[in-house]
Amino acid sequence: MLTLERLRPDHADALLAFELENRAYFARSVPDRGDAFFTAAGFAERLRALLAEQHAGVCHFHVVLDEEGHLVGRVNLVDVTDGCAELGYRIGERAAGRGVATAAVAQLCRLAATDYGLTSLTAVTTLDNHASMTVLARNGFTRVEDTTVGGRPGRRFVRRNLDFAPPAPSANTN
């Protein structure tokens with residue numbers, strides 16, 4: 001069972017460790033955050049900024065915890081405006097391929113509707129990130145346009161009607 005927790009200051013050490021452990025893994029499919037992000041001072045500054053955005057209600061950041069309470073991912077809603085937000089997520093390499101991203105995104109879609117009053121979400125991913133496109137499809141997102149993500153070819157997706165649960169994915173994951 002996965003747990004989503006709203007980002008708090010006491011997540012700092014575990015979150016930085018997670019980001020450092022997965023830096024190379026993430027850089028294969030999403031733009032790297034840059035060296036300054038991974039320093040203690042740079043990370044602390046960024047975390048303060050994220051928490052301020054969350055306090056202002058323009059973003060909702062969450063950590064994903066596994067059954068043992070280990071931080072295995074992040075799921076976020078950014079640029080909240082007019083009932084819409086952009087979904088972003090990162091699942092660590094050790095948890096990849098086990099349905100963690102699909103489950104975490106499903107939980108966040110429910111929170112978006114029930115706790116944050118949102119009616120639609122958008123998401124973008126690079127064209128070579130097939131796993132991310134599968135996660136989005138399994139959670140009821142549909143492709144709306146091609147775009148560029150960090151200078152790479154990508155796709156934009158949308159999900160409306162957040163209070164509707166998409167059908168469970170079939171056992172065939174090909």
Within the structure provided, determine whether [X] and [Y] are in side-chain contact (heavy-atom separation under 4.5 Å).
X	Y	result
L127	R155	yes
V63	L7	yes
V72	L65	no
L15	L71	yes

Locate the shortest heavy-atom distance separating [X] from [Y]; write the atom from each residue and the value.
X	Y	value
L2	A104	CD1-N, 4.1 Å
A12	F43	O-CE2, 3.5 Å
A95	V100	O-CG2, 3.7 Å
A96	Y25	CB-OH, 3.2 Å
F157	L136	CD1-CD1, 3.6 Å
C84	L118	N-CD2, 4.0 Å

Would you mind listing every salt bridge (charged side-chain N to carboxylate O under 4.0 Å, His left out) that reaches into residues 41-51, with sequence neighbours excluded?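 Sorted pair list comes back empty.
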Which distance, rounded to the nearest 0.5 Å, do you find between the [atom1] of [X] and the [atom2] of [Y]?
X	Y	atom1	atom2	result
C59	L77	SG	CG	8.5 Å
H11	L47	NE2	CG	10.0 Å
T134	N129	OG1	CG	9.0 Å
T126	R152	OG1	CZ	4.5 Å
L16	E21	CG	CD	11.5 Å
D82	S120	CG	OG	9.5 Å

Only counting residues at least two apart or in another chain, list the ones meeting side chain to side chain contact (heavy atoms under 4.5 Å, CB included) with T147.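 Applying side chain to side chain contact (heavy atoms under 4.5 Å, CB included) to T147 gives V124, V149, R156.
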Using the rule that Ile, Leu, Val, Met, Phe, Trp and Tyr join whenever any side-chain heavy atoms are under 4.5 Å apart, tell me whether L51 and V78 fall into a single cluster.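 Same hydrophobic cluster.
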Verdict with reasoning, T142 to R159, per side chain to side chain contact (heavy atoms under 4.5 Å, CB included): CA-CA 6 Å; T142 56; R159 176 167 172 195; over 6 Å; no
Please answer whether the main-chain N or O of [Y] pairs with a side-chain N or O of [X] as donor and acceptor at a distance below 3.5 Å.
X	Y	value
N139	T102	yes
N22	E93	yes
Y116	G83	no
N76	H62	yes
D66	E68	yes

With R90 as the cation and F26 as the aromatic partner, state whether NZ or CZ is under 6.0 Å from the six-membered ring centre and within 45° of the axis. yes
Kindly check if the number of other-residue, nucleotide or ligand heavy atoms within 6.0 Å of CZ (R6) is above 12? yes
Can you confirm whether more than 12 heavy atoms, excluding those of D13, are under 6.0 Å from its CG atom? no
Using the rule given for side chain to side chain contact (heavy atoms under 4.5 Å, CB included), can you reason through L4 versus V75, listing the C-alpha separation, both sets of side-chain angles and the distance that settles it, and then say yes or no? CA-CA 8 Å; L4 299 188; V75 288; 3.8 Å; yes
What's the verdict on side chain to side chain contact (heavy atoms under 4.5 Å, CB included) for F18 and R74, showing C-alpha distance, side-chain angles and the deciding distance? CA-CA 10 Å; F18 166 81; R74 304 175 65 170; 4.0 Å; yes
Side chains of H60 and Q54: is there a donor and an acceptor less than 3.5 Å apart? no
With the threshold set at 4.0 Å, does a side-chain nitrogen-carboxylate oxygen contact exist between D115 and R110?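 Here D115 does not pair with R110 in a salt bridge, since their nearest N and O are not under 4.0 Å apart.
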Contacts of type ring pair (Phe, Tyr, Trp, His ring centres under 6.0 Å), residue F61, not counting sequence neighbours: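 Partners of F61 under the ring pair (Phe, Tyr, Trp, His ring centres under 6.0 Å) test: none.
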Run C109 and F141 through side chain to side chain contact (heavy atoms under 4.5 Å, CB included) and show every step you take. CA-CA 11 Å; C109 286; F141 284 78; 4.0 Å; yes
